[in-house]
Amino acid sequence: MSFEFSDKIKKLPPYIFFEIEKILEKKRREGVEVISLSIGDPDLPPPKFVLEALVEEAAKPENHGYSNSRGEPEFREAIAKWMKERFNVDVDPEIEITALIGSKEGISHLARAFLNPGDKVIVPDPGYPAYLNGGVILNDAKPVFMPLSKDRSFLPDVDFIAEANAKIMFLNYPNNPTGAVIEKHQRIFRNNL
Ligand SMILES: Cc1ncc(COP(=O)(O)O)c(C=O)c1O
């Protein structure tokens, strides 16, 4: 039996990591020893105290039900505290923080919550594939590709952002896949580079 994918799903380009996995599997079957440099899996285990806390919490019956749909209040408060200490940014744990299943899931749901068909979205190029796929294509929005070029040290172009007139801009920093870093004193405006 075969199932027909929806027109929306058919619009998605091949998922790069799936394509790489297929190549890896083929090479390994051929007996080639491959070191995968594709996906950024951690190569160190999580700290011992984190694993111990997980095991301890998993054994408690009060943790076996659903959690608060926005994330437990203590969890959201801990994030707000971290944002303040780490970045000196005030975020309201009541309305500005929500728990996600993962950030990839969050990217597509955030876009779904804010985009209407035809809305413009700035997508860094090169950029993390979920921005274009889950963020733009699945919402019938319009991508505006922001080139991250070597001569600008792969930094976003603020003038481009102003000209694009977009509703959403995706940006992660240091950027995946360029890994660009900026000095604290450096500014990203075109004239300051
Ligand atoms: C920029 C970026 N966002 C999101 C993700 C996915 O994160 P998660 O595992 O939380 O879904 C990745 C994974 O590589 C990433 O590079």
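One-based numbering, in listed order, for ligands and for the atoms of each. Count residues from 1 along the sequence.
At least one donor-acceptor pair under 3.5 Å links the side chain of K167 to the backbone N or O of F114. Remark: side-chain polar atoms of D125 are not paired, donor with acceptor, to backbone N or O of L148 under 3.5 angstrom.
Classification of E94 and R76 as a salt-bridged pair holds, one side-chain N sitting under 4.0 Å from a carboxylate O. Between E25 and K22, no side-chain nitrogen of the basic residue sits less than 4.0 Å from a carboxylate oxygen of the acidic one, so the salt-bridge criterion is not met. A salt bridge links K26 with E30: the closest approach of a Lys/Arg side-chain nitrogen to an acidic carboxylate oxygen falls below 4.0 angstrom.
Protein residues are said to neighbour a ligand when one of their heavy atoms lies under 4.0 Å from it; for ligand 1 these are G102, S103, K104, Y128, Y131, N172, N176.
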Identify every side-chain donor-acceptor pair in residues 48-57 under 3.5 Å, counting partners at least two apart or on other chains, and give the distances.
unit_1: K48; atom_1: NZ; unit_2: E52; atom_2: OE2; d: 3.0
unit_1: E57; atom_1: OE1; unit_2: N63; atom_2: ND2; d: 2.9
unit_1: E57; atom_1: OE2; unit_2: K60; atom_2: NZ; d: 2.9

